[in-house]
Amino acid sequence: MLQDKKIVFSGVQPSGNLTIGNYLGAIKNFSRFSEDYKTFYCVVDLHAITVRQVPAELRRRTYETLALYMACGLDETKNTLFVQSHVPAHAELGWVLDCYTMFGELSRMTQFKDKSSKNAQNINAGLFTYPSLMAADILLYQTDLVPVGIDQKQHLELARDIAIRFNQIYGDTFTVPDGYIPTDTMKIMSLAEPTSKMSKSDKNPNAVVYILDSKDDVLRKFKKAVTDSEAVVRYSEDKPGVSNLMTVYRAFTGKSFEEIEREFDGKGYGDFKLAVGEVCADGLAPVRDEFARLMADKAHLEDVMKRGADEAAYYARKTMSKVRRKIGFVN
Ligand code: TYM
């Protein structure tokens, strides 16, 4: 098979209900590559078990994440959609790359520090080596471009370093990937604590808007969102709550910050929060409807997963055979 298109790879963990951070920072952008790139979008279940999961929930969320990819506009005939554990080469290359990743590099990863402080009773080795498995995901497909939110930048840079190191030792083996980080929505913040990232593992349900929340829930959560005492809709670093809401409003309406400031000039936060809730809920409504339709046909989702894994495995095999040869494994 001749492959002359550039390659895009990205992944989402099925470790919780997906948020508007996942949507605006990553998934919404995935479909823009479908025509001009060869695209691989993966449900990264191997990554999810670095934090303890309830088996039935992990299984359900794996289907749901795949269905959400599709509901967010990824056509399964134009994108390779698959589940990470269905392509064993991820784990295989993950191990190989563990041996080319330094302890010091992994120790510096802020996500590791953050997750180990939140899961002090389960700081397992997988949590520590998570970034080399992520590098394997990316390098396995000779990826050129990785669309992610800014929180994944450090992992991406490590993937580049690992690729460069491997190539220096063995000669050209891996494409060195670039990130595609959307400047306007790269970090959607928590509604309760607008100086921290909105995260699907947040325990406070009011801090997070889920893609599948009902309209009432979306409106209620934005109504409760933390702002400040100034009562002026203005984008500014010292107004993280309002600025975050403006970022969400801009993402769903396409309006600029100046237009938004003018629109709400002289109005209170109540009106503004209601408007943000409305555009967000209305923007997500088609995704919710399509998701419900897709989830009703599990056999179809299984078929998509199966075909995606077959296709991904074909590409993964090519890279693995190169890697095996270069390292000196007997074929
Ligand atoms: P995960 O599952 O935490 O998040 C999936 C994607 O959503 C982005 N994201 C956000 N963007 C903006 N604002 C937010 N509040 C926000 N929260 C999450 C993330 O940056 C990500 O793009 N390690 C990855 C999964 C992964 C992966 C990969 C990604 C595994 N292998 C290979 C790319 C390539 C993660 O935990 O994403």
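Just so you know, ligand 1 is whichever comes first in the structure, and atom 1 is the first atom listed for that ligand. Note that the coordinates shown come from a computational prediction; the quantities given were computed from them, not determined experimentally.
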Using heavy-atom distances, let me know which of [options] sits nearest [atom].
atom: atom 6 (C) of ligand 1; options: Pro131, Gly179, Ser196, Ala26; value: Ala26
atom: atom 31 (N) of ligand 1; options: Asn244, Asp202, Asp137; value: Asp137
atom: atom 22 (O) of ligand 1; options: Gly21, Gly149, Ser15; value: Gly149
atom: atom 20 (O) of ligand 1; options: Val148, Leu133, Asp151; value: Asp151
atom: atom 25 (C) of ligand 1; options: Cys42, Ser190, Gly11; value: Gly11
atom: atom 36 (O) of ligand 1; options: Lys200, Gln13, His90; value: Gln13

Identity and distance of the protein heavy atom lying nearest [atom]:
atom: atom 23 (N) of ligand 1; value: Tyr130 OH, 2.6 Å
atom: atom 9 (N) of ligand 1; value: Asn22 ND2, 3.7 Å
atom: atom 32 (C) of ligand 1; value: Phe9 CE2, 3.5 Å
atom: atom 37 (O) of ligand 1; value: Gln152 NE2, 3.9 Å

Heavy-atom distance under 4.5 Å between the side chains of [X] and [Y], does that happen here?
X: Val323; Y: Phe166; value: yes
X: Val233; Y: Tyr249; value: no
X: Val208; Y: Ser199; value: no

Check ion pair [X]-[Y] (N to O, under 4.0 angstrom):
X: Asp217; Y: Arg220; result: yes
X: Arg324; Y: Glu92; result: yes
X: Arg165; Y: Glu105; result: yes
X: Arg262; Y: Glu258; result: no
X: Arg250; Y: Asp184; result: no

Evaluation steps, ring-ring contact (aromatic ring centres under 6.0 Å, His included), between Phe9 and Phe30: CA-CA 9 Å; Phe9 181 97; Phe30 289 174; 9.5 Å; no

Under 3.5 Å: N/O of His155 near N/O of ligand 1: no

[X] heavy atoms, cut-off 4.0 Å: which ligand 1 atoms fall inside?
X: Gly25; result: 11 (N), 12 (C)
X: Thr185; result: 12 (C)
X: Val146; result: 33 (C), 34 (C)

Can you tell me which portion of [X] lies within the under-4.0 Å heavy-atom range of ligand 1? Options are side chain, backbone, both, or neither.
X: Met186; answer: backbone
X: Ile188; answer: both
X: Ile138; answer: side chain
X: Leu156; answer: neither

Cation over ring face, Lys298 and Tyr63, 6.0 Å, 45°: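 That pair qualifies as a cation-pi contact.
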
Minimal non-hydrogen separation, Thr143 against Thr175, with atom names: O-CG2, 3.4 Å

